[in-house]
Amino acid sequence: MKLPLWGGGRKMDRNKELRQIAEEKLREKKEKIYEIPKDVDTVIHELQVHQIELEMQNEELKNSRAELEELSEKYYDLYDFAPVGYFTLDLVNRITEVNSTGADLLGFPKENLVDRYFRWYVPPESTKSFHNHFNKSFRKMEKQTFEIGLIKKNGVIFDAHIELQPFYGDKYKPYQSDTYLKMAVIDITRQKNLERELKRSNEELQQFAYVASHDLQEPLRTIASFTQLLERRYKNQLDGDADEFINFIVEASVRMKQQIEDLLEFSRVMTRGSEFIKVNVNELLKEEISSLKTLIDENNAEISCNSMPEIYADSIQVGRLFQNLIINSIKFRKPNESPKIHISARKDEKTHEYIFSISDNGIGIEPQYLERIFTIFQRLHTREEYGGTGIGLAVAKKIVERHGGRIWVESEFGKGSTFYFTLPKPLVLAQQN
């Protein structure tokens with residue numbers, strides 16, 4: 001088949017037609033290109049920024065993970081080598097986890113303790129106490145603190161302070177998770193031995209003080225009696241020196257007798273105290289002020305009182321406490337001024353106690369002596385200035401301490417003093433009030 005021959009003009013027309021088709025296709029492509037958003041550069045820029053941000057976040061995550069691993073390692077070291085034994089127990093007191101200190105306390109490797117029952121290391125005499133606290137902690141989901149004995153691998157029993165803290169395996173779904181106990185164990189054997197030794201020493205010291213004071217009274221009474229008899233019978237029959245010597249002996253024996261009696265009173269605060277009963281302090285103060293009537297009248301003293309609370313206390317000792325502080329205020333009066341004493345009490349809701357105060361307008365106390373005045377047989381003045389043995393405030397302090405309180409004084413030299421002491425407010429009275 002032969003193709004038709006195109007003439008020159010015909011060829012030119014065909015070229016023109018092809019060009020038009022090509023231009024049409026190019027125009028279609030451009031239209032498609034123009035459909036791309038004009039802010040494509042912005043989009044690309046944002047994508048690049050996000051990419052950089054993701055790279056930075058990835059780097060931060062790597063650093064955070066490294067820090068967490070480091071912190072985890074430090075935490076584990078702190079946990080494992082803490083000076084306290086840590087155990088985790090399940091509901092049947094099986095050990096699920098223990099640190100190195102806890103394992104050392106019992107004398108076993110850690111791997112030998114996991115999955116064993118903690119009760120195996122509790123001696124028979126402590127079993128009941130341990131189970132009571134263990135069950136109460138789970139039942140009430142409350143922290144328990146107590147002291148029991150524990151058995152080491154070698155059979156030695158040591159004193160332990162234990163704290164139990166219950167927790168849920170999944171804190172976000174507590175009622176759908178297992179419950180465990182975190183347990184801290186501290187070896188307090190040395191502390192307990194010191195406490196026992198101190199208690200024994202104090203008991204022996206108190207017994208010694210009482211026996212010594214009691215047994216010394218009879219020979220001292222004999223010395224004082226015969227010296228006084230010698231003074232009456234031979235006074236002015238001997239030379240002046242002999243009379244003076246006899247007088248010194250009489251004064252010294254009387255003073256020593258008073259010191260022994262005061263020492264006896266001091267030792268009896270802890271050893272011969274009475275049971276605590278409900279005490280109406282208003283009535284108690286009336287009785288004590290009445291018993292001091294002669295001293296009050298002789299010094300023209302004025303005593304005023306606010307309303308007093310009811311307390312649980314040793315009424316005899318608390319009466320002695322008020323008496324000692326009132327006598328102290330009268331004793332250290334200003335030379336030419338009548339003593340004015342005010343007694344008051346208030347509740348401290350924060351500390352759950354009563355704060356009593358005895359204020360006076362006496363000579364006051366210099367700041368450097370504020371603590372010293374409560375020490376037994378400590379005197380701030382000569383016997384010629386003020387009599388006594390210097391034991392009254394020491395006895396007051398001992399009485400307050402026996403009742404679980406504290407005593408202190410605030411004073412301005414030359415302007416008087418205020419003695420404060422606290423006595424716990426019993427819960428039974430707190431609930432009534």
Side-chain angles (χ1 to χ4, degrees), residues 76-169 171 174 177-207 270-271 273 275-276 352 401-402 404 424 426-428:
Y76 182 78
D77 287 343
L78 287 172
Y79 167 80
D80 206 33
F81 301 106
V84 176
Y86 290 115
F87 295 78
T88 302
L89 309 181
D90 64 13
L91 281 167
V92 293
N93 79 69
R94 185 169 42 227
I95 301 170
T96 61
E97 188 177 4
V98 59
N99 70 344
S100 294
T101 306
D104 291 342
L105 284 174
L106 298 180
F108 291 90
K110 287 196 295 184
E111 56 272 18
N112 288 5
L113 289 172
V114 175
D115 288 334
R116 293 194 174 189
Y117 296 97
F118 189 80
R119 64 174 180 269
W120 293 351
Y121 310 100
V122 180
E125 60 271 20
S126 296
T127 300
K128 184 176 180 181
S129 176
F130 173 73
H131 282 296
N132 284 342
H133 287 95
F134 181 86
N135 293 331
K136 188 182 292 183
S137 185
F138 270 124
R139 188 170 62 253
K140 295 186 176 181
M141 290 304 288
E142 292 178 353
K143 180 179 178 180
Q144 298 290 311
T145 301
F146 56 100
E147 294 176 1
I148 60 170
L150 292 178
I151 307 172
K152 287 179 175 286
K153 181 181 180 180
N154 58 9
V156 173
I157 297 176
F158 67 96
D159 293 303
H161 173 89
I162 293 182
E163 294 186 3
L164 294 175
Q165 180 66 58
F167 72 99
Y168 294 107
K171 65 180 181 179
S177 63
D178 294 330
T179 308
Y180 296 91
L181 280 181
K182 293 179 180 178
M183 182 172 67
V185 180
I186 304 174
D187 186 347
I188 56 171
T189 303
R190 185 171 180 273
Q191 175 187 332
K192 282 297 188 181
N193 287 339
L194 289 173
E195 287 177 2
R196 285 188 280 265
E197 180 63 25
L198 183 60
K199 182 180 179 181
R200 184 190 62 79
S201 178
N202 282 339
E203 288 174 351
E204 290 180 352
L205 185 61
Q206 288 171 357
Q207 185 65 18
M270 303 302 289
T271 60
E275 292 184 3
F276 287 14
H352 202 71
E401 288 176 346
R402 184 190 171 223
L427 287 176
V428 63

For residues [X] and [Y], report the shortest heavy-atom separation together with the two atoms involved.
| X | Y | result |
| --- | --- | --- |
| Leu181 | Ser137 | CD2-OG, 3.2 Å |
| Lys110 | Ala103 | CG-CB, 3.7 Å |
| Tyr86 | Ala184 | CE2-CB, 4.0 Å |

- Is it the case that more than 12 heavy atoms not belonging to Lys152 sit under 6.0 Å from its NZ atom? yes

- Query: Is atom CD of Glu125 surrounded by more than 12 heavy atoms (other residues, nucleotides or ligands) closer than 6.0 Å?
  - Reply: yes

Which side-chain N or O atoms in residues 113-122 pair as donor and acceptor under 3.5 Å with protein atoms at least two apart or in another chain?
unit_1: Arg116; atom_1: NE; unit_2: Asn112; atom_2: O; d: 2.9
unit_1: Tyr117; atom_1: OH; unit_2: Arg94; atom_2: NH1; d: 3.4

Looking at [Y], is its backbone amide N or carbonyl O close enough to the side chain of [X] to form a donor-acceptor pair, meaning the two atoms are under 3.5 Å apart?
| X | Y | value |
| --- | --- | --- |
| Asp90 | Asn93 | yes |
| Thr88 | Thr96 | no |
| Asp187 | Gly85 | no |
| Ser126 | Gly149 | yes |

- Query: Among pairs that include at least one residue of residues 133-155, which meet ring pair (Phe, Tyr, Trp, His ring centres under 6.0 Å), considering only residues two or more places apart or in two chains?
  - Reply: Phe130-Phe134, His133-Phe146, Phe134-Phe138

- According to the salt bridge (charged side-chain N to carboxylate O under 4.0 Å, His left out) rule, which pairs have a member within residues 128-137, sequence neighbours left out? none

Hey, could you give me the [atom1]/[atom2] distance between [X] and [Y], rounded to the nearest 0.5 Å?
| X | Y | atom1 | atom2 | value |
| --- | --- | --- | --- | --- |
| Leu106 | Thr101 | CG | OG1 | 11.5 Å |
| Lys192 | Lys199 | NZ | NZ | 10.0 Å |
| His131 | Ile148 | NE2 | CD1 | 9.5 Å |
| Thr127 | Asn132 | OG1 | CG | 10.5 Å |

- Note on the structure: Contacts of Glu111 meeting salt bridge (Lys or Arg N to Asp or Glu O under 4.0 Å) (sequence neighbours excluded), chain-then-number -> none

- Could I get the full list of salt bridge (Lys or Arg N to Asp or Glu O under 4.0 Å) partners for Arg190, not counting sequence neighbours? none

- Message: Are the side chains of Leu150 and Val185 in contact, using a 4.5 Å heavy-atom criterion?
- Response: yes

Please list, one pair per line, the donor and acceptor atoms closer than 3.5 Å that link side chains of residues 156-166 to other protein atoms, with sequence neighbours excluded.
unit_1: Asp159; atom_1: OD2; unit_2: Arg196; atom_2: NH2; d: 3.1
unit_1: His161; atom_1: NE2; unit_2: Glu163; atom_2: OE2; d: 3.3
unit_1: Glu163; atom_1: OE1; unit_2: Lys143; atom_2: NZ; d: 3.2

